[in-house]
Amino acid sequence: MCGRFTLRTPPRQLAEQFACELPEDFPVRFNIAPTQPVAAIRAGAGGQCEFTFLRWGLIPAWADDPRIGARMINARAETVAEKRAFRAAFQHRRCLILADGYYEWKKTPHGKQPYFIRLPQDQPFALAGLWETWRDPQNNETVGSCTILTTEAPEEMRAIHPRVPVVLLDDAPARWMTMDPQDKLERQQVLQAVNPRWLCLDPVDPWVNNPQNEGPRCISPLASGDA
DNA sequence: CCAGACGTTGTT
DNA sequence: GTCTGG
DNA sequence: CCAGACGTTGTT
DNA sequence: GTCTGG
């Protein structure tokens with residue numbers, strides 16, 4: 001699954017890679033946790049990209065208590081089109097969650113060992129996301145929130161964890177944003193195309209297997225809170 | 001019909 | 001053990 | 001995901 | 001809001 005990730009890349013580089021305007025600067029994040037703001041790109045009114053921060057943990061529009069979002073941090077790619085909590089967002093409100101690494105915890109007889117997973121050159125990437133707007137009936141304020149899709153881990157990663165976030169590389173971000181959810185065939189194609197198994201993520205290189213080495217400083221043990 | 005959920009993860 | 005909050 | 005809580009009473 | 005379970 002995906003319960004923690006990083007975003008250390010400078011906004012200017014993200015803006016370039018995702019061809020979207022971003023704020024000039026925001027803090028480096030080594031340990032993004034559920035309920036915290038995450039950097040996201042979604043389709044704006046005119047269809048152009050729009051950068052925003054969204055609370056991690058999707059709060060469905062019909063929720064009467066925003067705390068339900070804490071249990072909606074991930075959505076299974078296999079079933080997201082049908083689930084009541086996600087269906088509407090899947091059809092109309094997909095987004096890109098900006099990241100450059102994520103953590104998975106492997107259970108061992110001694111406890112849990114965190115692994116840090118990132119691309120070979122440490123490039124940033126997008127995670128497939130859905131977003132919603134929830135209006136607080138108390139004060140009429142709105143909360144934008146999101147969830148991250150997960151899929152079965154590629155064979156090489158199963159020793160660490162059976163499921164991983166859907167990582168969008170190359171042209172997959174654009175396809176994720178524009179795919180027609182009604183078209184089951186195309187949905188199949190996109191979900192397969194964005195599965196890391198077909199991409200260049202190498203889970204058995206030192207990036208993954210030696211979290212003690214070379215990783216950002218929050219690894220092993222994970223630092224509490226961001227840098 | 002109403003009431004209550006609406007989700008994911010794990011399995012040395 | 002299980003749930004909540006971050 | 002992890003860390004931390006997990007409960008009630010009261011009105012000196 | 002919409003679906004499931006009783």
_Please list, in numerical order, the residues of residues 84-93 of chain A that have a heavy atom closer than 4.0 Å to any atom of DNA chain B._
A:Arg84, A:Ala85, A:Phe86

*Say whether A:Thr9 and A:Asp100, considering side chains only, have a donor N or O and an acceptor N or O under 3.5 Å apart.*
yes

*Which pair of heavy atoms, one from A:Ala89 and one from A:Leu58, lies closest together, and at what distance?*
CB-CD1, 4.2 Å

*Looking at A:Phe53 versus A:Phe26, is the centre-to-centre ring distance below 6.0 Å?*
yes

*asked:* Between the side chains of A:Glu104 and A:Arg163, is the shortest nitrogen-to-carboxylate-oxygen separation below 4.0 Å, so that they form an ion pair?
replied: no

*Could you state the interatomic distance from CG (A:Leu149) to CZ (A:Arg94), rounded to the nearest 0.5 Å?*
10.0 Å

*Leading and trailing nucleotides of DNA chain B with any atom under 4.0 Å from heavy atoms of chain A*: B:dA5 to B:dT12

_C1' gap between B:dC1 and D:dG10, integer Å_ = 45 Å

*Map A:Met1 and A:Ala63 onto DNA chain B by nearest heavy atom, then report which one ends up closer to the 5' terminus.*
A:Ala63

*asked:* If a pair means Watson-Crick or G-U wobble with both distances below 3.5 Å, what does DNA chain E look like in dot-bracket form, with | marking bases paired to a different strand?
replied: ||||||

*What interatomic distance, in whole Å, is found between C1' of D:dT11 and the corresponding atom of C:dT2?*
34 Å

*asked:* Categorize A:Pro34 for me: base, sugar-phosphate, or nothing, with a 4.0 angstrom heavy-atom threshold over every strand shown.
replied: base

*asked:* Using atom C1' in both nucleotides, what's the gap between E:dC3 and B:dG7 to the nearest angstrom?
replied: 15 Å

